[in-house]
Amino acid sequence: ILNPGEVFSFNDVVGERTAAKGYLPATVFVSGGASESELGGGVCQVASSIYYCTLFLNLEQVHREPHMYVVDYVDYGMDATVYWGATDFKFKNTNETPIMITAEASDGYVRIAFKGTNEHDYTVKITSECISTIPYEEIEELDETKPEGYRQLKQEPHTGYVYWSYKHYYDLDGNFLRTEKCDISEYDKY
């Protein structure tokens, strides 16, 4: 239950991701474009799902960071990264009534629900738009132990992106009211 004015901190609620708590290794991003397996990897999918809900409910974002690189489980610009001891996702209940947040995992899906009193006379739709790309650079490293002309792809290159996300407001009859920018997300090239 998140009471009016309270701030939800993903890391405070979920806590440290440890083997003792049942967390398993999964993929996390590390600098340079690489991915590694680490305890609690993949928990960002839950944080991103919660972030997505907060956008629809027009709740105040206290702290949100996009991933270092694009992810494929939400639209670009709609993710929230978390990392224990370093990066948190936080939002504030700006409603006048409490919100109950429930989470359920089954059949390979996580379902997040926010339950409470609808205090708004509008609905919100969310979109995102790529406003620029950041081209990758091909880098060749010479390995003198290999024959001349030998080539080996060490890592698939990826373009970086800059995305704006938007909230589009509609009255309860579906008539467009206004559009607001939500957040900017910059994803590195590698």
Side-chain angles (χ1 to χ4, degrees), residues 1-29 38-68 71-128 163-175 177-185:
I1 303 291
L2 191 65
N3 288 308
E6 288 183 342
V7 173
F8 175 96
S9 160
F10 187 89
N11 284 338
D12 286 351
V13 170
V14 175
E16 186 174 1
R17 280 64 95 181
T18 65
K21 291 182 179 178
Y23 286 91
L24 300 173
T27 304
V28 298
F29 289 137
E38 189 174 297
L39 279 179
V43 75
C44 290
Q45 293 181 37
V46 178
S48 294
S49 296
I50 294 171
Y51 171 60
Y52 214 68
C53 290
T54 66
L55 293 176
F56 283 106
L57 294 172
N58 203 26
L59 298 175
E60 179 185 330
Q61 305 305 312
V62 174
H63 185 84
R64 173 258 176 187
E65 292 182 35
H67 284 79
M68 174 182 321
V71 296
D72 61 2
Y73 49 80
V74 292
D75 293 339
Y76 296 174
M78 303 295 175
D79 59 306
T81 189
V82 291
Y83 193 82
W84 178 256
T87 306
D88 199 359
F89 166 61
K90 297 179 179 183
F91 69 91
K92 183 177 184 178
N93 179 2
T94 50
N95 287 344
E96 294 180 10
T97 55
I99 298 171
M100 179 170 62
I101 304 167
T102 61
E104 171 199 341
S106 63
D107 302 322
Y109 292 93
V110 174
R111 292 167 189 84
I112 306 293
F114 282 50
K115 300 176 183 180
T117 303
N118 184 2
E119 299 180 3
H120 306 294
D121 59 353
Y122 57 83
T123 61
V124 177
K125 292 183 182 176
I126 308 298
T127 61
S128 63
Y163 269 81
W164 265 112
S165 55
Y166 301 91
K167 292 182 192 177
H168 308 280
Y169 294 84
Y170 296 84
D171 68 21
L172 298 179
D173 293 324
N175 300 307
L177 298 171
R178 69 186 183 282
T179 295
E180 292 178 0
K181 287 182 177 178
C182 290
D183 212 344
I184 193 163
S185 302

Flag the pair [X] / [Y] as yes when at least one side-chain heavy-atom distance between them is below 4.5 Å, and no otherwise.
X      : Y      : answer
Val46  : Ile112 : yes
Lys167 : Ile126 : yes
Cys44  : Val71  : no
Arg111 : Ser106 : yes

Within this structure, what is the [atom1]-[atom2] distance for the pair [X] and [Y], rounded to the nearest 0.5 Å?
X      : Y      : atom1 : atom2 : answer
Asp12  : Lys90  : CG    : NZ    : 6.5 Å
Phe10  : Thr81  : CZ    : OG1   : 10.0 Å
Tyr166 : Ser128 : OH    : OG    : 9.0 Å
Thr94  : Asn58  : OG1   : CG    : 6.5 Å
Tyr76  : His67  : OH    : NE2   : 12.5 Å
Ile99  : Ile1   : CD1   : CD1   : 10.0 Å

Where do [X] and [Y] come nearest, in terms of heavy atoms and distance?
X      : Y      : result
Ser165 : Met78  : CB-CE, 3.9 Å
Lys92  : Leu59  : O-CB, 3.7 Å
Phe8   : Ile50  : CZ-CD1, 4.2 Å
Asp88  : His63  : O-CD2, 2.9 Å
Leu177 : Tyr170 : CD1-C, 3.7 Å
Asn93  : Thr97  : ND2-O, 3.1 Å

Does Gln61 form a side chain to side chain contact (heavy atoms under 4.5 Å, CB included) with Asp183? I'd like the steps, not just the answer. CA-CA 10 Å; Gln61 305 305 312; Asp183 212 344; 5.7 Å; no
How far apart are the C-alpha atoms of Thr117 and Asn95, what are their side-chain angles, what is the distance that settles it, and do they pass the side chain to side chain contact (heavy atoms under 4.5 Å, CB included) test? CA-CA 9 Å; Thr117 303; Asn95 287 344; over 6 Å; no
Polar side-chain atom of [X] near backbone of [Y] as donor-acceptor pair, under 3.5 Å:
X      : Y      : value
Arg64  : Asp79  : yes
Asn11  : Thr87  : yes
Asp173 : Asn175 : no
Ser48  : Ala80  : yes
Gln45  : Tyr73  : no
Glu16  : Trp84  : no

Side chain to side chain contact (heavy atoms under 4.5 Å, CB included) for Cys182 and Leu55? Distances and angles first, verdict last. CA-CA 8 Å; Cys182 290; Leu55 293 176; 4.2 Å; yes
Criterion side chain to side chain contact (heavy atoms under 4.5 Å, CB included) on Asp121 and Asp171, from CA distance to verdict: CA-CA 6 Å; Asp121 59 353; Asp171 68 21; over 6 Å; no
No-hydrogen, no-angle side-chain donor-acceptor test under 3.5 Å, Thr102 and Glu104: no
Using 30° and 60° as the class limits, which term best fits the ring planes of Phe91 and Phe114: parallel, tilted or perpendicular? tilted
On the 0 to 90° scale, with breaks at 30° and 60°, tag the Tyr122-His120 ring pair as parallel, tilted or perpendicular.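 Aromatic pair Tyr122/His120 classed tilted.
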Any chance NZ of Lys125 has more than 12 other-residue heavy atoms, nucleotides or ligands included, within less than 6.0 Å?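 No.
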